[in-house]
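Atom set for the values below is all heavy atoms of this structure, side chains included, hydrogens, waters and symmetry mates excluded. One is the number of the first residue; the rest follow in order along the sequence.
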Amino acid sequence: MPLEIERKFLVTHDGWRSQAQRVIVMAQGYLNDVCSVDSGRMRASVRVRLEDDVARLNIKSRELGATRQEFEYPIPVEDARALLALCVGGRVEKRRHLVRHAGHLWEVDEFLGDNAGLVVAEIELGSEAERFVHPDWLGIEVTALPRYYNLALASHPYSRWNADERGPTAPKDN
């Protein structure tokens, strides 16, 4: 069974930009919504994603935290476009910047559209106990906060968050 062990953090400033090695433009949507997953009616999110000229279908288990089951399959780009038209909620658009830091690859997601202003860094690990160096641009960890999951951002985008949801640790304007 394929597992993803990933930790997610807010980004506090632009220091990562000079280290970015590659940028991938992404658009994604979900064939189910956050309510169906949160209610327990569905135990996984089903996502369709376009990454530049590559398309994938992704199924990710509902567990909160760093470790989840993840299944991902390549699909034709035209199929992805058709599936995106069937998605519920909004589309999540972002630029993913690949950043190497102290032997690890970070994915820094700079959200666009309704989620503009949100910048999140993710790191995939070999185990939950794996140690890594925290870059100085890394803010608080949000791995266990469902509102930062892309599924939630599709239904309740960052632009609609109130001050309590953004909190005092919201990312600074980049």
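- At least one donor-acceptor pair closer than 3.5 Å links the side chain of Thr12 to the backbone N or O of Trp137.
- The minimum heavy-atom distance between Pro76 and Ala55, with the atom names listed, is O-CB, 4.0 Å.
- Contact record, Ile5 with Ser127: CD1-CA, 3.7 Å, taken as the closest heavy-atom pair.
- Residues Arg96 and Glu122 have side chains in contact (heavy-atom distance under 4.5 Å, counting atoms from C-beta outward).
- In this structure, Arg166 is positioned above the aromatic face of Tyr158, its NZ or CZ under 6.0 Å from the six-membered ring centre and within 45° of the axis.
- Within the 3.5 Å criterion, the main-chain N or O of Val46 finds a donor-acceptor partner in the side chain of Asn32.
- At distances below 3.5 Å, at least one donor-acceptor pair connects side-chain atoms of Lys8 with backbone N or O atoms of Tyr148.
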For this session: Before giving the answer on side-chain hydrogen bond (donor to acceptor under 3.5 Å, both in side chains), spell out for Thr67 and Glu128 the whole-Å C-alpha distance, their side-chain angles and the decisive distance to 0.1 Å.
Result: CA-CA 7 Å; Thr67 303; Glu128 285 198 38; 2.5 Å; yes
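- Looking at Asp14, its side chain never comes within 3.5 Å of a backbone N or O of Arg17 through a donor-acceptor pair.
- To the nearest 0.5 Å, the span separating SG on Cys35 from NE2 on His156 amounts to 11.0 Å.
- Ser39 places a side-chain N or O within 3.5 Å of a backbone atom of Ser36 that can act as its donor or acceptor partner.
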For this session: Report the C-alpha separation of Ser45 and Arg47 in whole Å, then their side-chain angles, then the decisive distance to 0.1 Å, and conclude whether the side-chain hydrogen bond (donor to acceptor under 3.5 Å, both in side chains) test is met.
Result: CA-CA 6 Å; Ser45 64; Arg47 175 185 76 205; over 6 Å; no
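- Val23 and Val108 fall into different hydrophobic clusters, where Ile, Leu, Val, Met, Phe, Trp and Tyr are joined by side-chain heavy atoms under 4.5 Å apart, directly or via other members.
- By the 4.5 Å heavy-atom criterion applied to side chains, Trp161 and Arg147 are counted as neighbours.
- Looking only at distances, no side-chain donor or acceptor of Asp114 sits under 3.5 Å from a matching main-chain atom of Ser159.
- The shortest distance between side-chain heavy atoms of Val99 and Leu105 does not fall below 4.5 Å.
- You'll find the side chain of Val11 reaches within 4.5 Å of the side chain of Trp16, heavy atoms only.
- Tyr30 is listed as a side-chain neighbour of Asn150, based on a closest heavy-atom distance under 4.5 Å.
- Defined by atom type and a distance below 3.5 Å, a donor-acceptor pair is present between the side-chain atoms of Glu110 and His97.
- A donor-acceptor pair under 3.5 Å links the side-chain atoms of Glu165 to the main chain of Asn162, judged by distance alone.
- Taking the side chain as every heavy atom from C-beta outward, His101 and Pro135 approach each other to under 4.5 Å.
- Closest approach of Thr143 to Glu6, counting heavy atoms only: CG2-O, 3.7 Å.
- A 4.5 Å side-chain heavy-atom check between Leu84 and Leu86 finds every atom pair outside the cut-off.
- Within the model, atoms CE of Met26 and CZ of Arg56 stand 8.0 Å from one another, a figure rounded to the nearest 0.5 Å.
- Under the 4.5 Å side-chain criterion, counting only non-hydrogen atoms from C-beta, Phe9 is not in contact with Val142.
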Exercise. Step by step, would you call His104 with Glu124 a side-chain hydrogen bond (donor to acceptor under 3.5 Å, both in side chains)?
Worked result: CA-CA 8 Å; His104 282 93; Glu124 289 200 21; over 6 Å; no
